[in-house]
Amino acid sequence: MSDAISPVSPTSASSNSAQVNSPARVLIASLVGTTIEFFDFYVYATAAVLVFPTLFFPNNDPTTALLASFATFSIAFFARPLGAVVFGHFGDRIGRKTTLVAALLTMGISTVVIGLLPSYGSIGVVAPLLLALCRFGQGFGLGGEWGGAVLLATENAPEGKRSWYGMFPQLGAPVGLFLSSGVFWLLLQVISQEALLSWGWRVPFIASIVLIVIGLWVRLSITETPAFQKAIDKHERVAVPVAELFRKHKRSLFLGTFVALATFVLFYIGSAYLLSYNVKVLKIPFLDALEIQIVGSIAFGIFIPVAGRLAEKFGRREVLILTTVLIGIFSFFLPGLMTGGEGSIVVFAIVAMALMGMTYGLIGTALAAPFPTAVRYTGSSITFNLAGIFGASLAPYIATWLQTNYGMLYVGYYLGLASVITLISILASGREEV
């Protein structure tokens with residue numbers, strides 16, 4: 001399995017980055033940052049199901065209110081490519097470290113402000129507009145976070161360990177999901193649902209300021225990656241990375257976008273949509289629905305390192321192909337599992353998120369591989385976030401609409417179609433591109 005990232009020894013750069021950035025420090029910095037970013041992101045997703053339809057989108061029809069809430073949920077995914085362009089530009093121009101700190105602050109401030117917003121009942125239509133603006137800020141920040149975190153890990157990785165190192169920032173997603181679901185679950189252990197709707201929902205958003213401080217401390221303790229320092233020393237940086245990207249790497253951008261499509265569709269069917277379906281359609285109690293999501297996040301987290309190990313042994317591309325085929329097969333079982341009662345819902349959550357771990361654990365390294373150092377931050381970030389638009393932004397909305405109008409069978413078709421598109425894209429990519 002060839003990689004586009006060439007090994008860089010500590011002595012090949014003028015700085016001592018490779019010596020200062022110990023493996024433990026690199027992996028902790030990449031994992032902690034993405035955990036905080038995804039915690040902030042998923043706290044919103046949970047609230048979009050449990051809280052926001054009532055407080056920000058009051059409507060006599062609960063389904064309409066939920067769809068409106070999911071519409072603001074999708075705003076972040078359209079903001080993410082813009083964040084990828086802006087932060088990617090500076091990440092490829094001035095460095096990974098400084099850009100990652102700025103992305104973390106952007107995401108964190110947006111999240112804390114959400115916890116301070118007045119509801120629709122207090123200020124009317126201005127409330128959902130402010131919520132949408134903050135959601136845009138979350139997406140903008142996350143658009144710059146993900147690519148930098150992956151590069152922080154992979155550009156510090158020793159030869160033969162890039163899939164393993166690239167897996168660590170991906171672990172931030174299940175850990176963030178676990179923590180975001182867990183904090184709402186804990187709140188409901190000590191306060192009533194009425195109190196949660198009144199004020200308790202604000203706690204996770206405001207409390208994230210503690211995580212931000214921790215993340216900044218970790219991020220500020222690292223130095224620049226050896227690969228980027230080498231690009232500086234050899235004067236390989238380009239003036240406008242995004243222009244260079246679209247001039248020379250359009251094929252990698254296009255294929256990478258759809259290589260990640262099934263990953264995103266699967267995840268948001270198995271998380272945000274599943275939570276709304278359990279609570280709104282099956283009338284499963286909040287606590288039980290959150291427990292199902294927590295179980296799913298554990299399966300998600302377990303299978304990310306499994307994917308990393310398998311990729312080192314059998315090849316990243318081969319593991320992605322196999323996982324995509326399994327997702328396609330799983331789509332045929334989706335309708336039966338989703339309509340078979342609470343027990344089968346648990347099985348659905350575990351299998352869906354285990355498959356998610358297998359694909360998501362490798363997607364970061366795969367999307368970074370085709371791009372040279374000078375445009376790698378911008379390229380991997382834009383690819384990942386374009387995939388987010390096509391695969392994730394409207395997935396909860398589309399799945400809810402399909403289920404409401406045509407039945408659960410069509411939700412399965414939706415996931416199956418995404419897996420076919422992804423499989424074709426992987427097969428069309430060369431070994432050096434995935």
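- A donor-acceptor pair is defined here as one N or O able to donate and one able to accept, closer than 3.5 Å; such a pair exists between the side chain of Ser429 and the backbone of Ser425.
- A donor-acceptor pair under 3.5 Å is absent between the side-chain atoms of Tyr360 and the main chain of Leu171, judged by distance alone.
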Which atom pairs, one a donor and one an acceptor, fall under 3.5 Å between side chains of residues 290-307 and the rest of the protein, sequence neighbours left out?
from: Glu291; atom 1: OE2; to: Trp185; atom 2: NE1; distance (Å): 2.9
from: Gln293; atom 1: NE2; to: Ser181; atom 2: OG; distance (Å): 2.9
from: Ser297; atom 1: OG; to: Ile294; atom 2: O; distance (Å): 2.6

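- Between the Lys250 side chain and the Phe246 main chain, a donor and an acceptor come within less than 3.5 Å of each other.
- The environment of CG in Leu220 is crowded: more than 12 heavy-atom neighbours from other residues, nucleotides or ligands sit within 6.0 Å.
- A distance-only check finds a donor-acceptor pair linking the side chain of Ser180 to the backbone of Leu177 [under 3.5 Å].
- The backbone N or O of Gly88 sits less than 3.5 Å from a side-chain atom of Thr378, completing a donor-acceptor pair.
- Within a 6.0 Å sphere centred on CZ of Phe178, other residues, nucleotides and ligands contribute 12 heavy atoms or fewer.
- Side-chain contact between Val150 and Ser380: absent, with no pair of heavy atoms (C-beta onward) separated by less than 4.5 Å.
- Using modelled atom types, one side-chain atom of Ser192 and one backbone atom of Ala195 make a donor-acceptor pair closer than 3.5 Å.
- Residues Thr359 and Thr263 have side chains that bring a donor and an acceptor to within less than 3.5 angstrom of each other.
- If you take CG on Leu67 and CD1 on Ile398, they are separated by 11.5 Å, rounding to the nearest 0.5 Å.
- Considering Tyr414, Tyr273, Tyr277 as possible partners of Gln403, the one that fulfils the side-chain hydrogen bond (donor to acceptor under 3.5 Å, both in side chains) test is Tyr273.
- Without hydrogens or angle criteria, Arg202 side chain to Gly115 main chain gives a donor-acceptor distance under 3.5 Å.
- A perpendicular orientation is assigned to the rings of Phe205 and Tyr44, their planes being inclined by more than 60° (bins at 30° and 60°).
- A donor-acceptor contact shorter than 3.5 Å links the side chain of Thr324 to the backbone of Leu320.
- Looking only at side-chain heavy atoms (C-beta outward), Val411 and Met338 stay at 4.5 Å or farther from each other.
- By the 4.5 Å heavy-atom criterion applied to side chains, Pro174 and Met356 are not counted as neighbours.
- Residues Val85 and Ile382 form a side-chain contact, since some pair of their non-hydrogen atoms from C-beta on lies under 4.5 Å apart.
- Counting only heavy atoms from C-beta outward, the side chains of Leu130 and Ile114 never approach each other to under 4.5 Å.
- Contact of the Leu55 side chain with the Trp201 side chain is registered, since non-hydrogen atoms from C-beta on lie closer than 4.5 Å.
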Practice task
Go through the steps to decide whether Val112 and Ile212 satisfy the test side chain to side chain contact (heavy atoms under 4.5 Å, CB included), and finish with yes or no.
Solution key: CA-CA 10 Å; Val112 173; Ile212 295 166; 4.2 Å; yes
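- Across all their heavy atoms, Thr383 and Leu253 have their closest contact at OG1-CD2, 3.2 Å.
- Between Phe52 and Phe56, the ring planes lie perpendicular to each other; the angle is over 60°, past the 30° to 60° tilted range.
- One N or O on the side chain of Asn385 and one on the backbone of Ser381 form a donor-acceptor pair closer than 3.5 Å.
- The aromatic ring centroids of Tyr268 and Phe77 lie less than 6.0 Å from each other.
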Practice task
Please lay out, stage by stage, how Phe267 and Tyr42 fare under the test ring pair (Phe, Tyr, Trp, His ring centres under 6.0 Å).
Solution key: CA-CA 12 Å; Phe267 179 71; Tyr42 297 146; 5.3 Å; yes
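- Aromatic ring pairs are classed by plane angle as parallel below 30°, tilted from 30° to 60° and perpendicular above 60°; the pair Phe140 and Phe136 is parallel.
- In this structure, the side chains of Phe57 and Thr72 come closer than 4.5 Å at one or more pairs of heavy atoms.
- For CZ of Phe390, the number of neighbouring non-hydrogen atoms (other residues, nucleotides, ligands) closer than 6.0 Å is 12 at most.
- Under the 6.0 Å cut-off for aromatic ring centres, Phe348 and Phe330 qualify, their centroids lying closer than that.
- Side chains of Ser163 and Arg316: a donor-acceptor N/O pair is present below 3.5 angstrom, by distance only.
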